[in-house]
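Both counts, for ligands and for their atoms, begin at 1 and track the order of listing.
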Amino acid sequence: MLFRQLFDPVSSTYTYLLAERQGGEALIIDPVLDRVEQYLQLVRELDLKLVLAIDTHIHADHVTGIGKLHTAVDCAMAMGEQSRAECVSLRFGEGEILKADGLRLKALYTPGHTDDSYSFAMDDRLFTGDTLLIRGTGRTDFQNGDAGAQYDSLFNKLLVLPENTLVFPAHDYEGRTCSSIGEEKRHNPRLQVESRQAYIDQMDALDLDPPRMIDVAVPANRSCGLAVAGQPAESFG
Ligand SMILES: [Fe+2]
């Protein structure tokens, strides 16, 4: 398998490029608009055909690159069926399988950070979006976030997977690139709670500033990063 973890230092976003083999079909998870040229160059260098660009949820901290990738190489633009992004060309639901050649990505609906958040399971690894971060969890105080739903997503869907499952999140702010389910169960401070209510209380007690880009990024991402109020998205990048 071909697996590339790419990083946007402005928003501390991880983007994942996956393919079964060089010369074959590829998919990309959580591309950032400003880095689309870099992704396209890598796709060309590896002789890949990018068929699918996926957002785990509508991001509030960066503008998505799925629209620009679609324009460049005609890949499908995919988000979950709960997403308010009307631009997407492919919607998936709980348990659905997304494919690129022999790659099989299983969509897991994991609301809480937002009501359109998904994680993706593939073989030995899990792409957790902003649901499960390394030693953290995604905030639940905007975009229809719900700490109780996030507890259910974490404890009933993700943490029940085998402990050696690798965890690849959508962000890290301290340079950590990968973890595992077992490692997070034991060492993630947000997960050391006695009950669902204790988790909700913990999240309610966080006093966070709004994401820097939320007023620009959320409307832009509803159009797959292609436009905001008639302006090209590049103006905001
Ligand atoms: Fe997010």
Side-chain angles (χ1 to χ4, degrees), residues 5-16 28-36 53-67 77-85 87-88 91-92 105 107-120 126-154 157-158 167-179 184 188 190-191 199 202-204 206-225 228 233 236-237:
Q5 183 178 35
L6 303 153
F7 184 60
D8 172 50
V10 177
S11 60
S12 297
T13 300
Y14 287 126
T15 300
Y16 300 94
I28 195 165
I29 302 173
D30 286 335
V32 176
L33 179 64
D34 285 348
R35 310 201 77 77
V36 162
I54 305 167
D55 271 341
T56 51
H57 61 290
I58 290 190
H59 296 279
D61 60 349
H62 67 268
V63 177
T64 178
I66 67 173
M77 299 174 282
M79 287 194 72
E81 60 195 11
Q82 294 81 0
S83 170
R84 289 168 191 78
C87 52
V88 298
R91 289 185 186 273
F92 46 79
L105 213 59
L108 303 173
Y109 181 45
T110 51
H113 170 61
T114 64
D115 60 359
D116 66 351
S117 286
Y118 275 77
S119 301
F120 298 98
L126 186 65
F127 302 95
T128 54
D130 288 358
T131 302
L132 176 60
L133 302 173
I134 298 175
R135 308 300 190 265
T137 57
R139 61 193 296 175
T140 55
D141 57 335
F142 63 92
Q143 287 187 279
N144 295 320
D146 181 327
Q150 190 174 55
Y151 177 91
D152 297 335
S153 296
L154 288 164
K157 254 183 200 167
L158 301 187
V167 169
F168 289 100
H171 299 285
D172 193 84
Y173 305 93
E174 295 177 38
R176 298 163 298 203
T177 55
C178 175
S179 182
E184 291 309 308
N188 187 324
R190 293 260 176 94
L191 304 180
Y199 186 80
Q202 168 185 239
M203 297 308 284
D204 284 350
L206 298 175
D207 188 18
L208 303 168
D209 292 332
R212 199 162 45 90
M213 291 273 290
I214 189 167
D215 294 335
V216 170
V218 170
N221 290 337
R222 287 190 180 141
S223 69
C224 295
V228 181
F236 298 88

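Using a cutoff of 4.0 Å between basic side-chain nitrogens and carboxylate oxygens, R139 and D209 are not scored as salt-bridged.
Between the side chains of H62 and D8, no donor-acceptor pair is found at a separation under 3.5 Å.
Remark: aromatic rings of F120 and F92 are close, center separation under 6.0 Å.
At a threshold of 2.8 Å, the Fe ion (ligand 1) has a backbone or side-chain N, O or S atom of H57 nearer than that distance. Taking 2.8 Å as the threshold, H113 counts as a candidate ligand of the Fe ion (ligand 1), since one of its N, O or S atoms lies below it. Within the 2.8 Å limit, D130 places at least one N, O or S atom next to the Fe ion (ligand 1).
Ring-plane geometry between Y16 and F168 is classed as perpendicular, the angle between the planes exceeding 60 degrees on a 0 to 90 degree scale with a lower cut at 30.
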